[in-house]
Amino acid sequence: MKTYQVDDRGYYGEYGGAYVPEILHGCVTDLQANYLKVLESASFKEEYDALLRDYVGRPSPLYLAKRLSAKYGARIYLKREDLNHTGAHKINNTVGQILLARSMGKKRIIAETGAGQHGVATATVCALMDMPCVVYMGKKDVERQHINVQRMQMLGATVVPVTSGNMTLKDATNEAIRNWCCHPSDTFYIIGSTVGPHPYPDMVARLQSVISEEIRKQLQEKEGRDYPDYLVACVGGGSNAAGSIYHYLDDERVRIVLAEAGGKGVCSGMSAATIQLGKKGILHGSRTLVMQSEDGQIEEPYSISAGLDYPGIGPLHANLYATQRAEILAVDDDEALNAAFELTRLEGIIPALESAHALGALSKMKFKPEDIVVLTVSGRGDKDMETYIDHCTQIPTRVS
Ligand SMILES: Cc1ncc(COP(=O)(O)O)c(C=O)c1O
């Protein structure tokens, strides 16, 4: 049977693998040898499930958005990852990885962050488990997501502003990998998305797969069938999307729609639409689609949304595109802003700018009235209030 899951060498079709410097070879192979043993052990499952329930607040609701549904002519459910502790899906992954780090005897945690949600989620679990935490964040993101910087600091993490490149997520990831190379034996690198060398993409997808596990049960209760016609999610590196589609990957009744950041337009030279603009290459340890020049230099991406401002994409998603299992839509800054205001006015929910890109995909899709659509609201918009307010004048104050 055709499967879209990772193979035992860490590849999704021709994408994936583990391309790391010699110094990290030992820790990556150690992780490859241990992650499934730990994740599938009874003691891990017991502690992870209890923390997701009592600490994160899972299951997250599946909410039938009636006014949004009426607008787009389908039954649109929102998977409310914005209601999780710390305000996004990222915490599902960090809870799992810190338990794994502890079981492997690691003493120090590092992470990269773009929007700051993964940084906050990492700082949170480090406070919980009493482990030192260093978060790398591009200087541009430190400025545009400064509330999350203060949250990380209050939680006890050290935030290191990165000033190389265009000072966003790619540069933060470079710096985190550099630090990991200097401390390979005692440090665990908690990667925040389905990117990085094998086993990270698979490990993060598994830790986020609770999203689709819950969607199945919740749809069965609400609709009498456990699958939707469409799943819609935004993609930066791909973790909220991977979690939303994980249990439906091989179910071809479910159409997968991924929204990437068009920025100022896919052909404008200011875009982060990696799947459409990218070519095969190696970035941050895996073979995937990468925005790059003719001679292989990484091109600087641009998006209004810090969490989607990345020139790569998870290898799982690159393969879903290559095999046409997923449809990819680019949603521009303006379209995402409009969609965020629309959700706010129709449903009283202020989404994260990243999630607003998934919402912006709705107007590019055609539905039948009986279609069941599940759209993942990956995070809440508190961190983006300044951007929303700055753009308020360009936005209609009421949705007609
Ligand atoms: C709320 C939110 N949604 C989505 C993303 C994009 O990441 P991913 O594609 O891994 O879900 C981020 C990244 O920071 C985020 O903060």
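We count residues from 1, following the sequence as given. In each ligand, atom 1 is the first atom listed, and ligand 1 is the first ligand listed.
- Panel note: side chain E81, backbone T376; no donor-acceptor pair is recorded below 3.5 Å.
- Listed as neighbours of ligand 1 are H89, K90, A115, Q117, S193, C234, V235, G236, G237, G238, S239, N240, G307, L308, A352, E354, S378, G379, each bearing a heavy atom under 4.0 Å from the ligand.
- Remark: side-chain polar atoms of R67 are not paired, donor with acceptor, to backbone N or O of E347 under 3.5 angstrom.
- No more than 12 heavy atoms of other residues, nucleotides or ligands shown are found within 6.0 angstrom of CE on M154.
- In summary, the side chains of S193 and H118 do not present any donor paired with an acceptor at a separation below 3.5 Å, with no hydrogens or angles considered.
- By the 6.0 Å and 45° rule, R75 does not stack over the aromatic ring of Y77.
- Residue pairs meeting the side-chain hydrogen bond (donor to acceptor under 3.5 Å, both in side chains) criterion with at least one member in residues 165-180, sequence neighbours excluded: R108-N179, Y136-N179, N166-T168, N166-E300, K170-E300, N174-H284, E175-R178.
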